[in-house]
Amino acid sequence: MESLKTITDVCRAFGITGEPTDYQVFTSGHINSTFRIAFEENGQTQKYLVQNVNTLVFKDPDALMENIVRVTHYLRKRIREQGGDPERETLHFLKTTDGKLCLHRGERCWRVYRFIDHSFTYELLTDAAPFRSAGERFGHFQRLLADYPIESLYETIPDFHHTPKRVAALEAAAAADVVGRAHSVQNELSFALERKGDAEVALRLLKEGKVPLRVTHNDTKLSNILFDETTKQGICVIDLDTIMPGLSLYDFGDAIRFGAATAKEDERDLSLVSVSPELFRAYTAGFLSACVNALTEAEIDHLAFSAKLMTYECGVRFLTDYLCGDTYFKIAAPDHNLVRARNQFKLVAEMERMMPELEQIVKEEAAKALRGQGTGDR
Ligand code: GN1
Ligand code: MG
């Protein structure tokens, strides 16, 4: 935990004045460290989020911030044109007093943005309504960025969702076995390698021209959507670090992986881990209502599969990190990454079992969304 003094000093470098109050740490992200701090001045309170960017993961934070600031400017303009509220529907980053987007202090890199008041996030859902709203938000986000100049985006993590390379990295980690854990994960390794063929599917569709390269978010977990405290509707897509050229399948699949699961990503009791068809339907309906007419037939046909693909890829990444000695994801216990990997593989097995049902849901909801085009469509 960073001291209040460190965080206050960072804020001062971003030109923030007033008296610091109400300081707290956010613990949900696996990569960056996030702190919320409020400042009071002349009876007014303004809250900020201060983030320490993980530079082992994001090698060029200045280029990353350039991406984010350009994209958020663009979004703000589009949201305003559509009569939305840019202050609540996209993030607003501050510049340092000398005009920079990041503050470099020794090895560390900091950024600051305004906290959107009266908002909250979900980690696990039981109710379908908010997930439908999350689907609408991510679908809307995809549409807002449909004409964004893709070639101008810096690739913040090369090959981020290149699933075959993720599997190759797992095989390399198992062979190197630097921390001597490979013998204890033979079942998980077999599970992953038996599904190697699935890893190729999305990239093959891209190569064949059946699915296009788009501007995608690439980390669409439920906790990366802010909800409004009053309306309980999704308002703002956050965690913009991995906005890069990608596939719509990555964004749909990752959202389902996390949000349609019946247990948290690190639930140890695997009997609790499955997919909720109700939640799956809710997200699919929301997402398709916002962007069905922008998707190709192959994209729609592979939505259910993409959920399995992204869950598989995430499990492969957790297992790889376990074998590498936990150098990438933050952990709260020595076996945390193994627990996460087992959890994701259980979810994959559940999705395989339920695939016909999930595919049927996509068909039904795509037909409904197509019928509703021009009415429910924004
Ligand atoms: C990481 O930073 P966070 O917690 O939103 C990871 C995602 C994984 C996710 C698993 C840059 O996301 O790719 O899907 O953990 N982000 C990065 O929960 O690797
Ligand atoms: Mg993230």
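We count ligands from 1, going down the list as the structure has it; atoms in each ligand are counted the same way.
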Does ligand 1 have any atom sitting under 4.0 Å from a heavy atom of [X]?
X: N224; value: yes
X: F258; value: no
X: R317; value: yes

Check: [X]/[Y] side-chain N/O donor and acceptor closer than 3.5 Å:
X: E41; Y: T17; result: yes
X: E87; Y: H92; result: no
X: R340; Y: N337; result: yes

Please indicate whether any nitrogen or oxygen in [X] is less than 3.5 Å from any nitrogen or oxygen in ligand 1.
X: E265; value: yes
X: N218; value: no
X: S28; value: no

- Message: Atom CD of residue position Q44 - does it have more than 12 heavy atoms of other residues, nucleotides or ligands inside 6.0 Å?
- Response: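 No - once you tally the heavy atoms of other residues, nucleotides and ligands closer than 6.0 Å, there are 12 at most.
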
- Message: Using a 3.5 Å distance criterion without hydrogens, assess whether the side chain of T90 forms a donor-acceptor pair with backbone atoms of P86.
- Response: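 Such a contact is absent between T90 side chain and P86 backbone.
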
- Is there a donor-acceptor contact under 3.5 Å from the side chain of H217 to the main chain of D251?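 Judged by distance alone, no pair lies under 3.5 Å.
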
- Query: Which of the atoms in ligand 1, numbered in the order shown and given with their element, are less than 4.0 Å from a heavy-atom of F58?
  - Reply: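 This gives 11 (C) as the contact atoms.
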
- Message: I want to confirm something. Looking only at heavy atoms, which of M310, K221, R257 is nearest to atom 14 (O) of ligand 1?
- Response: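 Ranked by closest heavy atom to atom 14 (O) of ligand 1, first place is R257.
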
